[in-house]
Peer 1: 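Before we start, here is the structure in question, set down as structure tokens.
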Amino acid sequence: MTVCDRLYDCVRDIWEGYHNHPFITELGTGTLDPAKFRYYMIQDYRYLLDYVKVFAIGITKAGGDEEIMRSFATSIHAILNEEMSIHKSYMARLGITEQEIANTPMALDNASYTAYMIAQGEMGGAPEVLAAILSCAWSYEVIAKGVVERWPDSLEHPLFGEWVRGYASEGYAAGNRRIFAFVERVCAGLPEPRMQHLCEVFVNCSRYEAMFWDMAYEMKA
């Protein structure tokens, strides 16, 4: 069993719940309240600004391994220049200004999630960084592809289609495959107690992902 397979086995039930979350199902059917999507976009943009810091911690934890440093740096570039471009496109359409984002506090669940990831990276090493960031990166691909499978027309929705296309795309999946490969490399041969800790981090981040969808749907402060 690969490391990624083991991590997935730990969160299978949590991830199944994502597919039936009302935010996701309503996004797929095109019935999601645009105000909720707008709220989500602002909070997710704030999330990404902290998320990218976890990858930066990974560079400092790479122990001089240039390949690992380069992988984390590639992810930072992809988030800042590709994934966040989707958000900026939406923000323009939804009338969200940079000033509004700067003046909008992170919701408590959002701030708790990113603080947990940053703490795990700072206290651990490259394996902990990867376990912390993988749940978000991987689950978004799984969620988007699940949406396309259930609601093929979601790809062309005038508001939500760009989100679905972005996270269901081959380019996004290729980025995840690169992360999977580094998870296997960095975590190969780790002692069982360390692997159990990585599973705990991955489970906790997956639970935070579920809380994020709740937060977005309920527009919680």
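The structure displayed is predicted, hence computed values, not measured ones.
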Peer 1: Verify whether one side chain among Ser139 and Trp15 offers a donor that lies under 3.5 Å from an acceptor in the other.
Peer 2: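 Their side chains do not contain a donor-acceptor pair, so the 3.5 Å distance test is not met.
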Peer 1: If you look at every heavy atom in Cys187 and Leu198, which pair is closest and at what distance?
Peer 2: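 Closest approach of Cys187 to Leu198: SG-CD1, 3.7 Å.
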Peer 1: Quick one: CD1 on Ile143 to NE2 on His21, what's the gap to the nearest 0.5 Å?
Peer 2: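 The CD1 atom of Ile143 sits 9.5 Å away from the NE2 atom of His21.
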Peer 1: Is Ile118 reachable from Val52 through a run of hydrophobic residues whose side-chain heavy atoms are each under 4.5 Å from the next?
Peer 2: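 The answer is yes; both residues are in one hydrophobic cluster.
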Peer 1: Keeping Arg38 on the side-chain end and Leu94 on the backbone end, is there a donor-acceptor pair under 3.5 Å?
Peer 2: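 Yes; at least one donor-acceptor contact below 3.5 Å.
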Peer 1: For Ala137, does its backbone N or O pair with a side-chain atom of Tyr172 as donor and acceptor, under 3.5 Å?
Peer 2: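 Pair found, side chain donor or acceptor close to backbone of Ala137.
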Peer 1: Under 6.0 Å from the CD atom of Gln196, do we count more than 12 heavy atoms belonging to anything else shown?
Peer 2: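 Count over threshold, so yes.
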Peer 1: Could you check Phe23, Trp151, Phe37 and say which one makes a ring pair (Phe, Tyr, Trp, His ring centres under 6.0 Å) with Phe160?
Peer 2: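 Exactly one option meets the ring pair (Phe, Tyr, Trp, His ring centres under 6.0 Å) with Phe160, and it is Phe37.
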Peer 1: Look only at the side chain of Tyr51 and the backbone of Met117, and say whether a donor-acceptor pair between them is shorter than 3.5 Å.
Peer 2: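 Not at all, since once roles are kept as given, no pair shorter than 3.5 Å links the two residues.
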Peer 1: Could you check, using the six-membered ring where one of them is a Trp, whether Trp213 and Tyr217 have ring centers closer than 6.0 angstrom?
Peer 2: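 Ring centres of Tyr217 and Trp213 not closer than 6.0 Å.
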Peer 1: Please report the shortest heavy-atom distance between Val183 and Leu134, naming the atom on each side.
Peer 2: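 Nearest pair, atom of Val183 first, then Leu134: CG2-CD2, 4.2 Å.
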Peer 1: For a quick test of reading the model, state the closest non-hydrogen atom pair linking Met195 to Leu190 and the distance between them.
Peer 2: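 Between these two residues, the closest heavy atoms are CG-O, 4.0 Å.
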Peer 1: Taking the six-membered ring of Phe182 (Phe, Tyr or Trp), confirm whether the NZ or CZ of Arg185 is under 6.0 Å from its centre and within 45° of its axis.
Peer 2: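 Negative - Arg185 is either too far from the ring of Phe182 or too far off its axis.
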Peer 1: Nearest 0.5 Å please: distance from the CE atom of Met215 over to the NZ atom of Lys220.
Peer 2: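 One finds 8.5 Å between CE of Met215 and NZ of Lys220.
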Peer 1: Would Val129 and Phe72 count as a side-chain contact (heavy atoms from CB on, under 4.5 Å) here? Give the steps.
Peer 2: CA-CA 10 Å; Val129 170; Phe72 283 126; 3.7 Å; yes
Peer 1: Could you please spell out the steps behind the side-chain contact (heavy atoms from CB on, under 4.5 Å) verdict for Asn176 and Ile179?
Peer 2: CA-CA 5 Å; Asn176 277 342; Ile179 296 174; 4.2 Å; yes
Peer 1: Mind checking the OG1-CZ spacing from Thr114 to Phe212? Nearest 0.5 Å is all I need.
Peer 2: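 Nearest 0.5 Å value for the OG1-CZ distance: 9.5 Å.
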Peer 1: Look at the side-chain heavy atoms of Ile, Leu, Val, Met, Phe, Trp and Tyr, link any pair under 4.5 Å apart, and say whether Tyr45 and Met106 land in one connected group.
Peer 2: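 Result: no, two separate clusters.
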Peer 1: Quick one: does any side-chain atom of Glu184 pair with a main-chain N or O of Val3 as donor and acceptor, under 3.5 Å?
Peer 2: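 Yes.
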Peer 1: Return the minimal non-hydrogen interatomic distance between Ala62 and Ile68, and the atom names on each side.
Peer 2: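 So the two residues come closest at CB-CG2, 3.9 Å.
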Peer 1: For the side chain of Ser206 and the backbone of Phe202, is there at least one donor-acceptor N/O pair under 3.5 Å apart?
Peer 2: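 Yes.
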Peer 1: Whether the Tyr140 and Glu209 side chains hold a donor-acceptor pair (N or O, under 3.5 Å, no angle test) is what I'd like checked.
Peer 2: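 Short answer, no.
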Peer 1: If every non-hydrogen atom of Ser154 is compared with every non-hydrogen atom of Gly28, which pair is closest and at what distance?
Peer 2: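 The pair with the smallest heavy-atom distance is CB-O, 3.6 Å.
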Peer 1: Arg6: which residues meet the salt bridge (charged side-chain N to carboxylate O under 4.0 Å, His left out) condition with it, sequence neighbours left out?
Peer 2: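 For Arg6 the salt bridge (charged side-chain N to carboxylate O under 4.0 Å, His left out) partners, ignoring immediate neighbours, are Glu192.
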Peer 1: Which atom pair, heavy atoms only, marks the closest approach of Lys145 to Ala173?
Peer 2: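 Looks like NZ-CB, 3.9 Å.
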Peer 1: Test of understanding: with side chain to side chain donor-acceptor pair (under 3.5 Å), list the residues that count as partners of Thr74, not counting sequence neighbours.
Peer 2: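 Thr74 satisfies side chain to side chain donor-acceptor pair (under 3.5 Å) with no other residue.
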Peer 1: In the single-linkage hydrophobic clustering (I, L, V, M, F, W, Y; side-chain heavy atoms under 4.5 Å), do Leu108 and Tyr113 co-cluster?
Peer 2: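 Not linked; separate clusters.
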Peer 1: Report the distance from atom CE of Met123 to atom NE2 of His197, rounding to the nearest 0.5 Å.
Peer 2: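 It is 6.5 Å, given to the nearest 0.5 Å.
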Peer 1: Please check this pair: side chain of Asn81 against backbone of His77, looking for a donor-acceptor N/O pair closer than 3.5 Å.
Peer 2: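 Here the side-chain-to-backbone pair exists.
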Peer 1: Which class fits the ring pair Trp138 and Tyr8: parallel under 30°, tilted 30 to 60°, perpendicular over 60°?
Peer 2: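 If you compare the ring of Trp138 with that of Tyr8, the planes turn out tilted.
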Peer 1: Any side-chain to backbone donor/acceptor pair from Asn110 onto Gln43? Under 3.5 Å, distance only.
Peer 2: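 Yes, the answer is positive, given that a donor and an acceptor are paired below the 3.5 Å cut-off.
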Peer 1: Test your reading of the model: is there a side-chain donor-acceptor pair from Arg194 to the backbone of Pro127, 3.5 Å cut-off?
Peer 2: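 The answer is no, because no donor-acceptor pair under 3.5 Å joins these two groups.
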Peer 1: In plain terms, say whether Glu122 and Lys53 are close enough for a salt bridge, that is, a side-chain N and a carboxylate O under 4.0 Å apart.
Peer 2: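 Not counted as a salt bridge, because no side-chain N and carboxylate O are separated by less than 4.0 Å.
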Peer 1: Lys88: what forms a side chain to side chain donor-acceptor pair (under 3.5 Å) with it, not counting sequence neighbours?
Peer 2: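 Counting only residues at least two positions away or on another chain, Lys88 forms no side chain to side chain donor-acceptor pair (under 3.5 Å).
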Peer 1: Could you measure the distance from the OG atom of Ser71 to the CG atom of Asp65? Nearest 0.5 Å is fine.
Peer 2: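 CG of Asp65 is found 10.0 Å from OG of Ser71.
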Peer 1: Whether the Ser75 and Arg178 side chains hold a donor-acceptor pair (N or O, under 3.5 Å, no angle test) is what I'd like checked.
Peer 2: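 Checked: Ser75/Arg178 side chains pair up, N/O donor to acceptor below 3.5 Å.
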Peer 1: Give the cluster check for Leu159 versus Val147: same hydrophobic cluster or not, with ILVMFWY residues linked at side-chain heavy-atom distances below 4.5 Å.
Peer 2: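 Linked within one cluster.
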Peer 1: Is the shortest distance from a Lys or Arg side-chain nitrogen in Lys36 or Glu26 to a carboxylate oxygen in the other one below 4.0 Å?
Peer 2: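 No.
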Peer 1: Drop me the distance from Thr97's OG1 to Asn103's CG, to the nearest 0.5 angstrom.
Peer 2: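 Rounded to the nearest 0.5 Å, the OG1-CG separation comes to 8.0 Å.
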